Number of protein chains: 2
Amino acid sequence: MSVTNALYAQSGGPTAVINATAQGVIEAARAARPRLGKLFAARNGILGALHEQLLDTDAASADEVAGLGARPGSAFGTARYKLAPFEEDEREYRRLIEVFRAHDIGMVFFNGGNDSMDTALKLSQLGRRLDYPLACIGLPKTVDNDLPATDCCPGFGSAAKYVAVSTREAALDVAGMARTSTKVFILEVMGRHAGWIAAAGGLAGNGFGEPPHIILFPEVPFEQEKFLARVRESVEQHEYCVIVASEGARYADGRFLSEAGGTDAFGHKQLGGLAPVLANMVRESLGYKHHYAISDYLQRSARHLASATDLSHAYAVGEAGVKRALAGANAVMITIERTANQPYAWTPSSAPLEEVANREKELPPEFITDDGYGITEAARTYLQPLITGEAPLAYRNGLPVYANLDLPEVPCRLPPFK
Amino acid sequence: MSVTNALYAQSGGPTAVINATAQGVIEAARAARPRLGKLFAARNGILGALHEQLLDTDAASADEVAGLGARPGSAFGTARYKLAPFEEDEREYRRLIEVFRAHDIGMVFFNGGNDSMDTALKLSQLGRRLDYPLACIGLPKTVDNDLPATDCCPGFGSAAKYVAVSTREAALDVAGMARTSTKVFILEVMGRHAGWIAAAGGLAGNGFGEPPHIILFPEVPFEQEKFLARVRESVEQHEYCVIVASEGARYADGRFLSEAGGTDAFGHKQLGGLAPVLANMVRESLGYKHHYAISDYLQRSARHLASATDLSHAYAVGEAGVKRALAGANAVMITIERTANQPYAWTPSSAPLEEVANREKELPPEFITDDGYGITEAARTYLQPLITGEAPLAYRNGLPVYANLDLPEVPCRLPPFK
C-alpha cells in the first residue's frame with residue numbers, strides 16, 4: 001500500500017484561533033513522516049475538495065507554519081456549504097472520492113462547528129459506501145461553544161475573553177459619565193441559539209451589583225416588563241446599567257427580539273440588530289440616555305486578545321486529530337476533556353461524530369441565576385479557565401503582524417467539476 | 001500669601017488613557033511641593049466643583065497613582081455640563097469662586113474636549129471678573145481628535161489603534177469566508193463631525209486594494225449611487241468589501257445618513273445607527289450578504305489595546321499643565337507639538353484657550369484620496385506614529401487589572417448649592 005496523503009479543510013465561520021488548529025495538523029503531519037505522505041489544505045473548505053483546489057502545505061517553512069497560530073480568519077478560506085444527503089444526490093460524493101483518489105488522500109481533517117460535523121460524518125461514511133479507504137476526523141471550532149460531547153470548543157475561549165474584557169472596559173466608561181450622560185449601555189454579542197458568549201460577559205464583574213447588571217440569554221424567555229423594571233432598578237441603585245445581550249434573545253413564543261425591527265424610511269423591512277430594539281424600549285419606557293455596541297465579527301476575529309488556554313486547545317485538537325487518524329480512528333470528533341477545575345487541567349479525547357453532528361449544546365440551567373439575568377458560581381467555575389492566559393502578538397507599526405500564507409495550488413489531475 | 005491648592009477635573013466623554021493625564025497631574029503636583037499645596041480631584045467634573053465634592057488625591061499611594069494610567073473611563077467621574085454665559089447667570093460662577101476660596105484653590109486643571117475647553121476658558125477669565133486669584137489650564141482629551149492648535153489629542157491615538165486593528169482582524173475574517181457567505185462588512189466608528197477615527201481605519205491596509213476598501217468621512221458628501229458602484233466593484237475585484245464608516249457620514253445637504261432610519265414596529269422613530277442604513281442599502285440594491293459591527297464605547301475604552309505614544313501624550317499634558325501653571329500661565333491649553341515625522345518626535349507646548357474653545361478641526365482635504373474613499377500618504381504620515389507602540393497591562397484571571405481608586409471626599413465647608 002502506498003503512503004497515504006491527507007487533506008485539511010476549514011468550514012463555517014472563522015475564529016481568532018482556527019489557524020492554530022491548522023498549525024497543529026501540519027506540524028503533527030510533518031512529525032509523522034514517513035507514515036503520512038503529503039498534507040493538502042483545501043481552498044475554501046469543502047469547495048476546494050470538490051473543485052480540486054488543493055494547497056500544498058509543504059511549501060510553507062517551519063516558521064511560516066508556526067506563525068499560523070497568530071493569524072485570525074481562515075488562512076486557507078472556509079465555506080458555508082452543506083452537502084445534500086447521499087440518497088438524494090450522489091454526484092458531489094462521487095466527485096469527492098475521485099479527487100481523493102487522484103491525490104491519494106486517505107484522511108480528511110474537517111475543522112468546523114455543528115453543520116460542519118454533519119459534513120464530516122457524511123465523509124466518514126463515504127469510504128465504505130463507495131469502496132475507497134477514507135477516514136474523516138472532525139476538529140471542533142466554533143465561537144458559539146455549542147458542540148456536544150466536548151467540554152468546550154476552540155474559538156469560544158477567545159470570543160469569551162473579548163466579550164468579558166470589552167464589557168468591563170465599556171462599563172468603566174459608562175460608570176464615570178452616568179451622572180450627566182449615558183445611563184444604559186447594551187453590548188450585543190453572538191450566540192443565536194445558545195447563550196455561552198453572553199454568559200462570558202458575566203465574567204466582567206464579580207456579581208453583587210458589578211456590571212454587567214443584566215445578561216440576556218436565548219435560553220431565558222424575554223419579558224419586557226420585568227426587563228425594564230430591572231433596568232430601572234439598576235440605574236436607581238448604581239446610577240447606570242450595563243446589559244450584555246445575546247443576539248438570540250427571544251420571546252416565550254420563540255420570536256427573536258431582533259425581528260421586532262420595523263421598516264426603514266423607504267418602507268423596507270429593517271434587518272435585525274437586537275441592540276437597537278432594546279435601546280428603543282429603554283428610551284420609550286424609561287427615557288434614559290443609552291448607547292449600544294454590536295461586536296459582530298470583531299468578537300470572533302480579535303486574535304490580539306486571544307485566550308492562551310483557547311489557543312492551546314485549538315492547537316491540541318489539530319495535533320490529536322492526526323495522531324488518532326494514524327492510529328486508525330474514523331468518524332470521531334476530537335474533544336477537549338476537562339480533568340480538573342482547580343487548577344484547571346484538560347486533555348484531548350474524542351467522541352463519535354454520530355453523537356455530535358447536528359446537535360446543539362445549550363447553556364445548562366444551573367449556569368443561569370434564578371432571576372434569569374446573571375451567571376452562577378457554577379458558570380464561573382466552568383468559564384474562568386477558558387479565558388485565562390494571554391497570547392500576545394508581535395506588533396509592527398502599531399498593528400499586530402498577521403502573516404498571510406500564500407501556498408501554491410497542486411496541479412489538477414481531473415477535469416473541472418460542474 | 002499661603003500655599004495655593006489645585007483642582008483637577010475631567011470633563012466630557014472618557015478615553016482609554018484619560019487617567020494617564022490625571023497621573024501626570026498628580027505626580028507633577030507632588031513633585032512641586034512645597035510650592036503647590038494639596039491637589040483635589042473633582043467628583044464628576046465641574047459638578048464636583050459646584051457641589052463641593054472634592055476628592056483628596058493625597059490619600060492615594062504612589063503605586064495607586066502610578067496605576068491610574070492603566071485604567072480606562074473617568075476614574076473620578078466626568079460630566080457633560082455647560083455653564084451658562086456669565087452675562088446670563090452669574091450664580092454658578094460665584095459659587096465656584098466660593099468653593100475655590102473655601103479650599104484655597106488657585107489653579108484648575110480642566111481635562112476635556114471642545115465643549116470643555118469653553119468651560120476652561122470661562123474659568124480662566126473668572127479670577128479677574130470676580131477678583132480672586134485663579135488660573136485655569138486646559139488639558140486636551142478627545143478621541144475625536146478635533147481640537148485645534150494641537151497636533152493631536154490624547155485619547156485619539158488609542159481609539160485609532162483600536163479601529164485599525166479591529167478593521168484588519170475583521171477583514172481577515174471576511175476575506176476567508178466571502179466565497180460562500182458575507183461579502184460586505186461595515187464597521188461604524190465615532191466622529192460625528194470629523195473623520196479622524198474613520199481615517200485611522202485606513203491604516204489597517206496599505207492601500208492598493210487592501211481592506212478597508214471604502215472609508216466614509218463626514219467631510220465627503222455621501223453619494224449613494226457612487227458608493228454602491230464602489231461596493232460592487234470591490235466585491236467583483238476582491239470577492240469582498242470592507243467599509244469603515246464614520247457615524248457622521250452625511251448627504252450633501254447636511255443630513256446625517258443615520259437619520260434616514262424609519263420607524264420601528266410600534267411606529268416610533270428609529271434612533272440612528274449608520275451601519276444598518278448602509279447595510280440595507282447594500283442588500284436592497286446589490287443583494288450581497290452583509291454584516292456590521294458598531295464599536296461605540298468599546299473604541300474609546302479599549303485600554304487593553306492602547307497606543308504607547310498616546311499614553312505618553314496623555315501623561316505629558318498633565319505634567320506640563322502643572323509646570324506651566326506654576327510658572328504663571330493661565331488661559332492656555334497644553335498642546336502636543338510634532339517636531340519630526342521620521343523618526344517621530346514631539347514636545348508639549350501650549351496655545352491660548354481663546355483659539356481653541358468651541359472650534360473643531362476637520363480632517364484636511366489632502367488627507368483624503370481624490371475618490372473620497374481612502375486616505376493619502378500624507379494622512380498615513382500623520383496617523384502612523386499616533387498608533388505606534390503597545391502599552392500592555394497586567395492580567396488576572398484572564399482580565400486586565402483595572403484598579404479602582406476610592407478617594408475620600410474632603411469635608412464640606414459650605415452649605416449645599418441649589
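In what follows, chains are A, B, ... by sequence order, proteins preceding strands, each numbered from 1. What you are looking at is a predicted structure, and each value in this text was computed from that prediction instead of being measured.
Shown here are the salt bridge (Lys or Arg N to Asp or Glu O under 4.0 Å) partners of B:Glu239, two or more places apart in sequence or in another chain: B:Arg179.
No other option in B:Ala175, B:Ser166, B:Gly45, B:Ala160 has as many heavy-atom pairs under 4.5 Å with chain A as B:Ser166. Listed options B:Thr182, B:Val174, B:Thr180 were ranked by heavy-atom pairs under 4.5 angstrom with chain A; first place goes to B:Thr180. Ranked by heavy-atom pairs shorter than 4.5 Å toward chain A, the options B:Ala275, B:Ala293, B:Gly157 are led by B:Ala293. Taking chain A as the reference chain and counting heavy-atom pairs below 4.5 Å, the highest number among B:Ser181, B:Gly77, B:Pro14 is found for B:Pro14. Of the listed residues B:Glu188, B:Arg43, B:Arg80, the one with more heavy-atom pairs under 4.5 angstrom with chain A than any other is B:Arg80. Per-residue heavy-atom pair counts under 4.5 Å with chain B were compared for A:Pro400, A:Gly73, A:Ser301, A:Ser74, and the maximum is reached by A:Ser301.
Of the atoms belonging to A:Leu187, it is side-chain heavy atoms, and not backbone ones, that fall under 4.5 Å from chain B. There is no contact between B:Ile18 and chain A, counting heavy-atom distances below 4.5 Å. Only the side chain of B:Arg168 comes within contact range of chain A, with at least one heavy atom under 4.5 Å from a heavy atom of that chain. Contacts of B:Ser307 with chain A are absent, with no heavy-atom separation under 4.5 Å from either backbone or side chain. In this structure, chain A has a heavy atom under 4.5 Å from the side chain of B:Phe185, while its backbone stays farther away. At a 4.5 Å heavy-atom cutoff, B:Tyr344 makes no contact with chain A through either its backbone or its side chain.
With no hydrogens or angles considered, no side-chain donor-acceptor pair links B:Gln10 and B:Asn44 at under 3.5 Å. Under 3.5 Å, the side chains of A:Tyr402 and B:Glu169 contain a donor-acceptor pair of N or O atoms. There is a side-chain donor-acceptor pair under 3.5 Å between B:Arg71 and B:Asn404. Between the side chains of B:Ser158 and B:Asp310, at least one donor-acceptor pair of N or O atoms lies under 3.5 Å.
Proximity of a side-chain donor or acceptor of B:Lys289 to a complementary backbone N or O of B:Ala178 within less than 3.5 Å is not detected.
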List the atom pairs, donor and acceptor, that lie under 3.5 Å between side-chain atoms in residues 383-396 of chain B and the rest of the protein, sequence neighbours left out.
from	atom 1	to	atom 2	distance (Å)
B:Gln384	NE2	A:Asn397	O	2.5
B:Gln384	NE2	B:Thr388	OG1	3.4
B:Thr388	OG1	B:Gln384	O	2.7
B:Glu390	OE2	B:Lys161	NZ	2.6

Applying side chain to side chain contact (heavy atoms under 4.5 Å, CB included), run through A:Val143 and A:Gln299 and close with a yes or a no.
-> CA-CA 9 Å; A:Val143 293; A:Gln299 74 203 282; 5.9 Å; no
